[in-house]
Each structure stands twice: as C-alpha cells, then as structure tokens.
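Some notes on the structure that comes next.
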There are 2 protein chains.
Amino acid sequence: MKTIEKSTPCELCMSRKFSLFSSLSEPHLCHLSDHKNFITHKKGQILFYEGTKPLGVFCINDGVVKVFKTASNGKEQIIRLAKKGDFLGYASLLGEESYSNSATIVEDAKICFVPRESFLKVLAEDTEFHRRVTKALCHDLGIMEDKLTDATQKSIRERLAFTLLKLSETYGIEGNEGEKIDIILTREEIAGLVGTATETVIRLLSEFKKDELIDFEGKKILVLDKRGLARLSDFYG
Amino acid sequence: MKTIEKSTPCELCMSRKFSLFSSLSEPHLCHLSDHKNFITHKKGQILFYEGTKPLGVFCINDGVVKVFKTASNGKEQIIRLAKKGDFLGYASLLGEESYSNSATIVEDAKICFVPRESFLKVLAEDTEFHRRVTKALCHDLGIMEDKLTDATQKSIRERLAFTLLKLSETYGIEGNEGEKIDIILTREEIAGLVGTATETVIRLLSEFKKDELIDFEGKKILVLDKRGLARLSDFYG
DNA sequence: CAGATTACATGACAATAGTCACATAAATCA
DNA sequence: TGATTTATGTGACTATTGTCATGTAATCTG
C-alpha cells in the first residue's frame, strides 16, 4: 500500500517554508535530502504505534495525520492533527522513549521520513536548529496545559464549539455561506478530538445546526456563526 | 516576606544530584552559583504569575510548589507539583513566551533563581545539558498527553484514586499503618490536581476512607490499600 | 450489484458529578 | 482570647453526559 516515489529534495520543498527546517543551512538540508525517504500514504494507514521505538522523524509534505492515544476504555483521544509542514515523532525520539502515541492518516498524505541519525546529526551540528526544536517543544507543552485545563473545567458543549473554531482556523476555506472546514472527520474522530462520546457529538452538532451556528455540506462542516460559537466556547466571550 | 540568605553553592547542593544540573561541568556550575539568587519562600507566596515574562528559571532546593492554570470559571487546574531538584519556568523561558501558568508555594521552600542570561549561556555552551533539557521537555510532553487522556476518558473516582497513588509514590513515607502522604494539600488543591469540584473530592475521600482504602492522620492522608486504589484507578488493574 | 460493514442518528435511561445552601470545625489574626 | 476567615463536611437537587439499544443511511468490497 505504501508507495515510494521520487521525492522533492528538501531544498525545493514548499512545505519546508513553514516548518522547523525552514532555516537550515544548505549542507544540512542536502544531508537530510540524501537520507530521507518519501512515502505516499493512504487514508487509514498507520504511521506508527504507541509503544514502539522511534527510528526517525516524520515530516508531512501534504495531507493530514491524527496523533492519538488509546485510553483504557478503548476510545481514542486525539492529541493533535498534524498537517503540511508539521513534524511527527520527534518528541519521543528526543525523549529517548517509545512512542507515547499512535499516528494514522486522516487525509491522503505525502510524508518524508528522516532517519534518527540524520536528524540527530543536524540537531547536534546546528545549534540554532536545536534551539528552534526546543522552542517548539515548549510551545507544545503550553498548548497541552491549555487542553488539560479545558478538559477538566469546560463542558463538552464548550469544548466542541471551541474545537470547531480551531478547525475552521486551520482548515477553513471561505465560501459564500460561511467558512467550510475542509477536512473530513467522522463524528467519532471529532469525539476523540473533544474527548467525549460519539453520540454526544452527534447530538450537539445537530443542536448547533438547529441554532444556525453551523451547517453541513456533504461530510464537511460549514461554520456559519463564529461569534456564536465563540460565545458558546467560553464563559466570557 | 521573601528572605535572602546565604545559599549553598551549586557545587555543593544536594538537591542538584537529582536535577537537570547534575552533570554540569565545574566552570558552568560556578558560573551559575555566582549569578543565582537564593530565596526562602513561605507557604502561599507566589513565585510567578501566568502572563508575565520569565526572567530566569527557578530551581527548588527544598519545599513544594504548585504550578497551575486558572480556568475561565476561576478554578485552579494544577499542572504539577514541583519538589526538591525540580526546575520551574524553563519551558516558558525557552519557548520565548510569557508564563503559561502560575506557581505558588505549597510547602515552605528554598528556591534558587538563575537569571535568564546565565541559564541560556550554560545551555548554549553545554550541548549535553541542552540535550538533557530537551529530553526533559519531551518527557513532560508525554506526561501531559497521559493526563489529557485520563482527564477526558476516566471518571473522577478513577482519577482521584490515581492521584493518591501518584502522591504516595512521590511524597509517601512508610509507616506502621500504611504509607503516609507527607504533604499537606487542602481538599480544594486535591480537586485542582484531579480537575473536579472540591465537594466531589470530599465525598470521594470519605468513601475511600469508609472502604478502608485510605485513612486520615491530621491533615495528611494515609494510603492503606494501594492495590485497592490501583484497581479503582483503572479499567484494567 | 448485493451483502457487509461502517457511519450517523435518536430515544430511553442511568449515573456521574456539579451547584447551591448551609452547618461545623479549624486556623489565623488582631 | 475572641472574632473572622478559611477549610471541611453534608444534604438536596439538577444538569450533563455516558451507555445501551435500535434503526437507517452511506460506503466499501468481493
């Protein structure tokens, strides 16, 4: 199923512009280019499993990947959705631990795999790059603190409204009737993102639609009233 | 209220043995020692506020500090309890962001403050140290993923049982009738740790006591039945 | 294309957990 | 020490949310 094609060299990769690799020196870029693997993945495929050892880092050229943990009740808690330009698996690699989560493809993806040695070599030789990686980790940590606080202190309705706003921020494309969240997620996946039961998501989405906050276009969601969702998503506004 | 005393030099600090500073070179240690501030803090004092700029990192020589976020409903979500040998504030410093959380003293503490410049200097000059800091950040990230998953997928009863086990792991001292959690937390703080309402914690602790899983000794909690708590804390065991 | 599987939807119900109100105990402080 | 504040505890009630059962629609697959 996985396809190896000829890949764009990192030097010419457009996705790189917005990634941690954006300011690497020419030689380091070439080194990565020479050692990376470019693989096309189809929806549903697995990138890595929680508990296995990271052998390198993944760099998303295109597509969407969900990073999730499987809870003891069998449900998936989605930690984040990774898109073009995002890196995957570097936290486990640098933490020298097994993967703390699993990753599967949500939208067909083109992904480069940079082997451990190459990544670590560049990290060791390029202090500025190491600094940027550290900075990214710190930022992620802050995001996780926010998520944890929201998870314990906000209602599901608030969290779902907030999730929809975030999704429209990241995947939204402006249309004539509201902003379309241009990514197909099942209700179960939205539930995993919010941290709730699938049925609850279905019910709340219907409610949001009835209240004309959102609408559906095929499998995609249209955000009609951002202000309304924002009001719902927080105690303030 | 804050007291500046003569401090132990880092070279001789016992808490350092278990900290990120454990493997620093002599010159770097001396540099830190020369530039740090040693301050004694009383219970209830504030180390830093969410939203302010970090001017350095804190290194706990002794005592306990709670790191928390204030949710929009006014409740505190405790992110972690930091103890002897732990560092505070480095994620915000290295993330080049304002503090993402606040920190206050839970048990009287002796804390060294290492100014930004000194910390960054050592970080830049000692690659191995940088590597260790990165590793710690990655580890923390994994812990936050676990916490998020627990928060969304487990019941309060499970989370409280788990929290008690974790506390006894970290602060437990063996006694003749079970392990004593040797730290005084109010019910409100336990609620902040678990992410629930104070009343719920009070009720569940009474229940746990009735079921002879725990007992109270003054303001402290005795863990009588770890196995029982472990059974309660997870769907498996 | 038919059968199977997966996704979506809805109702009924139960249970968990939050809120509010109030009482008592403990700690702090003037 | 007495007064005030803070912490703990309990009851009553409600709202939210999860679970289970069931049905339909959509999608996949041989």
Side-chain angles (χ1 to χ4, degrees), chain A residues 1 42-45 66 71-77 104 106 108 149-161 163 183-210 214-221 232-233 235, chain B residues 1 42-45 66 71-77 104 106-108 149-163 183-210 214-221 232-233 235:
Chain A
M1 293 271 276
K42 289 271 167 218
K43 180 172 179 167
Q45 289 184 345
K66 67 173 167 181
S72 43
N73 60 4
K75 288 191 183 163
E76 288 181 2
Q77 173 63 43
T104 72
V106 166
D108 292 359
T149 307
D150 282 354
T152 60
Q153 308 291 355
K154 286 186 168 179
S155 70
I156 304 287
R157 178 178 285 100
E158 289 171 317
R159 277 148 60 193
L160 178 59
T163 299
I183 174 182
I184 295 180
L185 295 170
T186 64
R187 304 294 142 118
E188 193 176 359
E189 283 169 331
I190 296 175
L193 222 36
V194 174
T196 185
T198 308
E199 293 94 324
T200 304
V201 166
I202 291 171
R203 275 184 251 267
L204 285 173
L205 284 180
S206 301
E207 180 190 313
F208 288 0
K209 180 179 172 174
K210 185 171 61 66
I214 64 171
D215 200 356
F216 304 126
E217 187 183 296
K219 309 235 86 179
K220 292 176 181 170
I221 295 174
L232 261 190
S233 75
F235 295 118
Chain B
M1 295 270 276
K42 288 271 169 217
K43 182 173 177 165
Q45 289 184 345
K66 67 172 167 183
S72 43
N73 60 4
K75 288 190 186 166
E76 288 181 4
Q77 173 63 43
T104 71
V106 166
E107 302 239 297
D108 293 359
T149 307
D150 283 354
T152 60
Q153 307 293 355
K154 286 185 168 180
S155 70
I156 305 286
R157 179 177 285 99
E158 289 171 316
R159 277 147 59 193
L160 178 59
F162 189 70
T163 299
I183 174 182
I184 295 179
L185 295 170
T186 65
R187 304 294 143 117
E188 193 175 359
E189 282 169 331
I190 296 174
L193 220 37
V194 174
T196 185
T198 308
E199 294 94 324
T200 304
V201 166
I202 291 171
R203 276 184 249 268
L204 284 174
L205 284 180
S206 302
E207 181 190 313
F208 288 0
K209 179 178 172 175
K210 184 170 63 63
I214 62 169
D215 200 356
F216 304 127
E217 187 182 296
K219 309 236 86 181
K220 292 176 182 171
I221 295 173
L232 260 190
S233 75
F235 295 119

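Below, read A as the first sequence line, B as the second, and so on, with proteins coming before strands; counting in each chain starts at 1.
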Separation of [X] atom [atom1] from [N] atom [atom2], in whole Å?
| X | N | atom1 | atom2 | result |
| --- | --- | --- | --- | --- |
| Glu207(A) | dG11(C) | CD | P | 14 Å |
| Arg157(B) | dG18(D) | CZ | C1' | 15 Å |
| Lys209(A) | dC8(C) | NZ | P | 14 Å |
| Glu189(B) | dT8(D) | CD | C1' | 14 Å |
| Ile190(B) | dA7(D) | CD1 | P | 13 Å |
| Glu158(A) | dT17(D) | CD | C1' | 14 Å |
| Ile156(B) | dT17(D) | CD1 | P | 12 Å |
| Lys154(B) | dT16(C) | NZ | P | 16 Å |

Counting side-chain heavy atoms from C-beta on, which of dA7(D), dG18(C), dT19(D) comes nearest to Glu188(B)? dA7(D)

Just to verify, what does [X] make a side chain to side chain donor-acceptor pair (under 3.5 Å) with, not counting sequence neighbours?
| X | result |
| --- | --- |
| Asp215(B) | none |
| Thr152(B) | Gln77(A) |
| Thr149(A) | none |

Only counting residues at least two apart or in another chain, list the ones meeting side chain to side chain contact (heavy atoms under 4.5 Å, CB included) with Lys75(B). Gln153(A), Asn73(B), Ala197(B)

Non-neighbouring partners of Glu76(A) that pass side chain to side chain contact (heavy atoms under 4.5 Å, CB included), sequence neighbours left out: Lys66(A), Phe68(A)

May I ask you to evaluate whether [X] reaches the phosphate of [N], defined as a side-chain N or O under 4.0 Å from OP1 or OP2?
| X | N | result |
| --- | --- | --- |
| Ser155(B) | dT16(C) | no |
| Lys75(A) | dT19(D) | yes |
| Thr196(B) | dA17(C) | no |

Using the test salt bridge (charged side-chain N to carboxylate O under 4.0 Å, His left out), find all partners of Glu217(A) that sit at least two apart in sequence or belong to another chain. Lys180(A)

Check salt bridge (charged side-chain N to carboxylate O under 4.0 Å, His left out) between Lys43(B) and all other residues, then give those that pass, not counting sequence neighbours. none

Can you tell me how far [atom2] of [Y] sits from [atom1] of [X], rounded to the nearest 0.5 angstrom?
| X | Y | atom1 | atom2 | result |
| --- | --- | --- | --- | --- |
| Arg159(A) | Leu232(A) | CZ | CG | 14.5 Å |
| Glu199(B) | Glu188(B) | CD | CD | 9.5 Å |
| Leu160(A) | Lys154(A) | CG | NZ | 12.0 Å |

Select from Thr152(A) and Thr198(A) the residue whose nearest nucleotide in DNA chain C is closer to the 5' end of that strand. Thr198(A)

Within the sub-3.5 Å range, which N or O atoms of nucleotides 25-30 of chain C have a protein N or O partner, and how far apart are they?
none

Contacts under 3.5 Å, N or O only, protein and nucleotides 9-12 of chain D:
residue, atom, partner, partner atom, Å
dG9(D), OP2, Arg187(B), NH1, 2.7
dG11(D), N7, Arg203(B), NH1, 3.1
dG11(D), O6, Arg203(B), NH2, 3.2

Between Ile190(A) and Ile221(A), is there a side-chain heavy-atom distance shorter than 4.5 Å? yes

What is the bend of the helix from dC1(C)-dG30(D) to dA30(C)-dT1(D) when you compare the axis at one end with the axis at the other, using five pairs each and rounding to 10°? 50°

Cut-off 3.5 Å, no hydrogens considered: what does the side-chain donor-acceptor table look like for residues 202-209 of chain B, sequence neighbours left out?
residue, atom, partner, partner atom, Å
Ser206(B), OG, Ile202(B), O, 3.0
Glu207(B), OE1, Arg157(B), NH2, 2.9
Glu207(B), OE2, Arg157(B), NE, 2.9
Glu207(B), OE2, Arg157(B), NH2, 3.2

